[in-house]
Amino acid sequence: MTEGIHLISNGKQSLEQFVSVAQAVSPYVNHIHIREKHRTDDELVKWIDELVKNGVSKDQLVINERVALAVQTGVQGIQITDHSEDVSSVRTKYPNLLIGRSVHSIEEAQHAASGGADYVIFGHIFETNSKPGIPPRGLKQLEQLTESINIPVIAIGGITPERVESVMAHGARGVAVMSGLIDSEKPIEEAKHYLGGVRHGYSC
């Protein structure tokens with residue numbers, strides 16, 4: 001399932017810190033993204049091993065950009081960016097991989113969908129500290145993009161539990177979260193709040 005909640009690592013935590021959060025919230029999130037651009041493949045293998053050892057399913061895990069590593073380790077998902085191999089190429093080589101694509105425009109989203117992506121992550125929707133000084137794309141652009149493709153759109157950027165229902169009302173089928181869970185003193189409680197918003201969004 002590509003919809004729901006995607007937890008994304010922030011590239012700043014230690015392995016122990018991220019495993020602690022991921023393990024705690026894994027019952028409430030659909031996918032856990034290892035987005036650690038600065039780490040070596042060997043380090044990422046260790047991250048995968050530790051997450052699995054602590055109860056996170058490989059079916060939940062998504063690796064950013066490193067397609068060969070996902071295949072090698074048996075991780076289900078790969079998240080592709082504009083710095084990665086094209087979606088259609090990855091889909092041709094690995095038809096069974098779960099493929100997500102990070103997009104910033106309708107054109108990119110349509111290209112990803114036609115290439116065989118299972119979902120796209122679009123943002124940033126609201127102002128966020130991780131993108132200082134860059135105007136958010138907003139709910140209107142989110143709605144326009146969701147109407148332009150026939151695969152799920154996951155919204156990212158400044159999404160608090162209180163904003164989940166509004167992004168889903170504008171066509172998103174889930175949310176991607178970094179600081180909202182990673183920096184929380186009560187990640188399980190926060191994950192439950194996010195999940196409540198997602199479930200309510202599905203029912204509307």
Side-chain angles (χ1 to χ4, degrees), residues 1-104 108 112 115-124 128-131 154 156-157 174-185 187-188 190-191 194:
M1 180 178 177
T2 61
E3 303 174 1
I5 303 170
H6 292 237
L7 168 65
I8 301 181
S9 72
N10 63 7
K12 300 174 184 176
Q13 289 187 305
S14 68
L15 171 57
E16 292 73 21
Q17 289 171 323
F18 186 68
V19 168
S20 175
V21 174
Q23 179 188 39
V25 304
S26 61
Y28 311 102
V29 305
N30 299 82
H31 292 289
I32 296 171
H33 292 239
I34 303 175
R35 183 179 178 271
E36 300 288 311
K37 300 177 182 180
H38 61 296
R39 301 193 188 276
T40 66
D41 282 2
D42 287 345
E43 286 176 311
L44 292 183
V45 169
K46 186 176 181 182
W47 276 57
I48 293 163
D49 288 344
E50 285 299 312
L51 285 162
V52 171
K53 208 180 292 181
N54 284 275
V56 176
S57 167
K58 282 190 178 180
D59 287 347
Q60 280 183 288
L61 291 177
V62 177
I63 295 179
N64 266 55
E65 298 188 351
R66 304 190 204 185
V67 178
L69 189 63
V71 175
Q72 172 197 327
T73 57
V75 165
Q76 185 197 35
I78 183 76
Q79 185 69 25
I80 291 175
T81 71
D82 51 7
H83 304 298
S84 314
E85 191 174 350
D86 193 69
V87 169
S88 59
S89 174
V90 177
R91 175 59 72 207
T92 299
K93 292 178 190 174
Y94 307 108
N96 296 321
L97 268 184
L98 178 76
I99 302 174
R101 174 68 156 87
S102 301
V103 301
H104 304 95
E108 284 185 343
D118 293 293
Y119 66 93
V120 298
I121 294 181
F122 175 67
H124 58 292
T128 171
N129 291 335
S130 64
K131 304 279 187 182
I154 308 301
I156 191 171
V175 295
V177 184
M178 295 174 74
S179 59
L181 291 175
I182 287 174
D183 296 338
S184 174
E185 294 181 3
I188 293 176
E190 282 297 282
Y194 277 104

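None of the values given here were measured: they were computed from a predicted structure.
Side-chain contact between Val45 and Gln72 is present, with heavy atoms from C-beta onward closer than 4.5 Å. Proximity of Leu97 to Gln76: side-chain heavy atoms (C-beta onward) are nowhere separated by under 4.5 Å. Proximity of Gln13 to Ile182: side-chain heavy atoms (C-beta onward) are separated by under 4.5 Å at one or more points. The side-chain heavy atoms of Tyr94 and Val67, taken from C-beta on, include a pair separated by under 4.5 Å. By the 4.5 Å heavy-atom criterion applied to side chains, Ile48 and Ile34 are counted as neighbours. The closest side-chain heavy-atom distance from Leu98 to Ile78 is not below 4.5 Å.
Of the possible polar contacts, one joining the Asp118 side chain to the Ile99 backbone as a donor-acceptor pair under 3.5 Å is found. Between the side chain of Asn54 and the backbone N or O of Gln23, no donor-acceptor pair lies under 3.5 Å. A donor-acceptor pair under 3.5 Å is absent between the side-chain atoms of Arg39 and the main chain of Glu43, judged by distance alone. In this structure, Thr92 contributes its side chain and Ser88 its backbone to a donor-acceptor pair below 3.5 Å. No donor-acceptor distance shorter than 3.5 angstrom exists from the side chain of Arg101 to the backbone of Ala117, with no hydrogens or angles considered. Looking only at distances, a side-chain donor or acceptor of Glu108 sits under 3.5 Å from a matching main-chain atom of His104. Side-chain atoms of Thr73 come within 3.5 Å of backbone N or O of Leu69 as a donor-acceptor pair.
The shortest heavy-atom contact between Ala70 and Gly77 is CB-O, 4.1 Å. Of all the heavy atoms in Leu51 and Ala22, the pair that sits closest is CD2-CB, 3.6 Å. Contact record, Val75 with Leu61: CG1-O, 3.1 Å, taken as the closest heavy-atom pair. In terms of heavy-atom proximity, Ser26 sits nearest to Ile32 at CB-CD1, 4.1 Å. Here the closest heavy-atom approach between residue Pro187 and residue Val21 is recorded as CB-CG1, 4.3 Å. When all heavy atoms are compared, the tightest approach of Glu190 to Ser184 is CG-OG, 3.2 Å.
Rounded to the nearest 0.5 Å, atoms OH (Tyr28) and CD1 (Ile188) are 5.5 Å apart. Separation of atoms CG (Asn64) and CZ (Arg35) is listed at 6.0 Å; rounding is to 0.5 Å. One distance of note links CG of Leu181 with CG of Leu7; it measures 5.5 Å at 0.5 Å rounding. Taken to the nearest 0.5 Å, the NE2 atom of His33 stands 9.5 Å off from the OG atom of Ser9. Between the CG atom of Asp183 and the NZ atom of Lys12 there is a distance of 8.0 Å, given to the nearest 0.5 Å. In this structure, CZ in Phe18 is found 9.0 Å from CD1 in Ile8, a value given to the nearest 0.5 Å.
Considering only residues two or more places apart in sequence or on other chains, Tyr119 meets the ring-ring contact (aromatic ring centres under 6.0 Å, His included) condition with His6. For Thr2, the side chain to side chain donor-acceptor pair (under 3.5 Å) criterion is met by no residue, not counting sequence neighbours.
For residues 52-70, every residue pair satisfying the salt bridge (Lys or Arg N to Asp or Glu O under 4.0 Å) rule, not counting sequence neighbours, is listed here: Asp41-Arg66, Glu50-Lys53.
With 3.5 Å as the limit, one finds a donor-acceptor pair spanning the side chains of Ser102 and Gln79. For the residue pair Asp42 and Thr40, no side-chain donor N or O sits within less than 3.5 Å of a side-chain acceptor on the partner.
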